[in-house]
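Single-structure report; data block below.
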Amino acid sequence: EQVRAYVQSVADATPENGASIIESSGLAVRKSPTHAARAFTAKAGAVSGTVKLYAVSVGHRSAYLWEYSVDGGKTWVQTPVSLQAKTTVTGLTPGQTVQFRYQPVSKTGPGDWSQTVSLIVK
């Protein structure tokens with residue numbers, strides 16, 4: 001274990017040569033998991049004028065406040081609160097560019113508003 005830890009510390013110090021350092025010591029290089037980072041996304045819904053929003057979950061017993069803007073973020077329209085990190089916004093005008101944002105609320109209180117995402121409504 002000490003040798004493995006030492007080799008790892010040397011490899012971490014020079015990331016561009018890290019894999020070759022580990023292999024030259026006789027150890028195997030483990031592949032790091034390549035999970036896609038979760039991000040706030042907006043996708044066109046199945047019905048014209050609808051958008052599906054997916055947020056990063058902040059855990060159980062959390063709520064999510066959702067808003068959208070059709071005027072570049074000058075004014076915001078609230079949509080119903082959800083208890084899941086996803087929602088569907090309906091009644092939007094097709095062809096219009098809409099900005100969306102959300103605010104998670106957990107047992108420790110409200111979080112910051114997310115970055116906005118934009119989508120042209122289909």
Side-chain angles (χ1 to χ4, degrees):
E1 287 298 317
Q2 290 177 341
V3 170
R4 189 179 316 209
Y6 173 74
V7 171
Q8 185 65 53
S9 68
V10 173
D12 290 343
T14 54
E16 63 277 356
N17 298 323
S20 61
I21 291 170
I22 292 171
E23 290 172 345
S24 68
S25 70
L27 299 173
V29 177
R30 290 187 187 165
K31 294 190 181 209
S32 60
T34 56
H35 297 288
R38 293 185 182 197
F40 178 39
T41 57
K43 297 182 179 182
V47 177
S48 181
T50 63
V51 173
K52 292 184 176 188
L53 303 175
Y54 302 92
V56 177
S57 176
V58 294
H60 296 309
R61 299 181 188 260
S62 298
Y64 300 86
L65 308 177
W66 306 92
E67 293 184 341
Y68 68 91
S69 175
V70 295
D71 60 6
K74 294 177 186 166
T75 59
W76 292 92
V77 177
Q78 293 181 347
T79 66
V81 175
S82 70
L83 297 177
Q84 295 183 338
K86 62 183 178 178
T87 193
T88 301
V89 180
T90 60
L92 300 171
T93 304
Q96 192 171 42
T97 299
V98 182
Q99 290 181 308
F100 300 94
R101 68 182 184 179
Y102 76 97
Q103 181 183 35
V105 180
S106 67
K107 61 184 176 184
T108 60
D112 294 331
W113 283 100
S114 68
Q115 294 291 323
T116 61
V117 294
S118 297
L119 183 72
I120 298 174
V121 180
K122 299 207 183 230

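Just so it is clear, the model here is predicted, and its values are computed rather than measured.
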Hits for side-chain hydrogen bond (donor to acceptor under 3.5 Å, both in side chains) against S62, two or more places apart or cross-chain, chain-then-number order -> none
Identify, with sequence neighbours excluded, every residue that meets side chain to side chain contact (heavy atoms under 4.5 Å, CB included) alongside V29. A19, I22, E23
In Å and rounded to the nearest 0.5 Å, what is the OH to CD distance from Y68 to Q99? 13.5 Å
Are L92 and I120 in one and the same hydrophobic cluster, where Ile, Leu, Val, Met, Phe, Trp and Tyr link if side-chain heavy atoms are under 4.5 Å apart? no
Trace of the side-chain contact (heavy atoms from CB on, under 4.5 Å) decision for L119 with V98: CA-CA 6 Å; L119 183 72; V98 182; 6.0 Å; no
Might you point out which heavy atoms bring V81 and A63 nearest each other, and give the distance in Å? CG1-CB, 4.0 Å
Check: V89 and F100 side chains under 4.5 Å, non-hydrogen atoms: yes
The side chain to side chain contact (heavy atoms under 4.5 Å, CB included) partners of P94 (sequence neighbours excluded) come to S48
Sorted by chain and residue number, the side-chain hydrogen bond (donor to acceptor under 3.5 Å, both in side chains) partners of T93 (sequence neighbours excluded) come out as none
Taking the side chain from T14 and the backbone from E16, do they hold a donor-acceptor pair closer than 3.5 Å? no
Output every pair passing side-chain hydrogen bond (donor to acceptor under 3.5 Å, both in side chains) with a member in residues 69-78, not counting sequence neighbours, ordered by first then second residue. S69-D71, D71-T75
For the backbone of L65 and the side chain of Q103, can you confirm whether one donor and one acceptor N or O come within less than 3.5 Å of each other? no
Partners meeting side-chain hydrogen bond (donor to acceptor under 3.5 Å, both in side chains) with T90 (sequence neighbours left out): none
Name all residues meeting the ring pair (Phe, Tyr, Trp, His ring centres under 6.0 Å) criterion together with Y102; count only those two or more places apart in sequence or in a different chain, and write none if there are none. F40, W66
Would you mind listing every side-chain hydrogen bond (donor to acceptor under 3.5 Å, both in side chains) that reaches into residues 106-122, with sequence neighbours excluded? S106-T108
Going by salt bridge (charged side-chain N to carboxylate O under 4.0 Å, His left out), name the pairs with one or both residues in residues 57-68, residues two or more places apart or in two chains. E67-R101
How would you list, by chain and number, every residue that makes a side-chain hydrogen bond (donor to acceptor under 3.5 Å, both in side chains) with Q8, sequence neighbours excluded? D12
Acceptor/donor pairs from residues 51-59 side chains to any protein atom, 3.5 angstrom cut, sequence neighbours excluded:
| residue | atom | partner | partner atom | Å |
| --- | --- | --- | --- | --- |
| S57 | OG | G59 | N | 3.2 |

Which residue pairs pass the salt bridge (charged side-chain N to carboxylate O under 4.0 Å, His left out) test when at least one of the two sits in residues 83-98, sequence neighbours left out? none
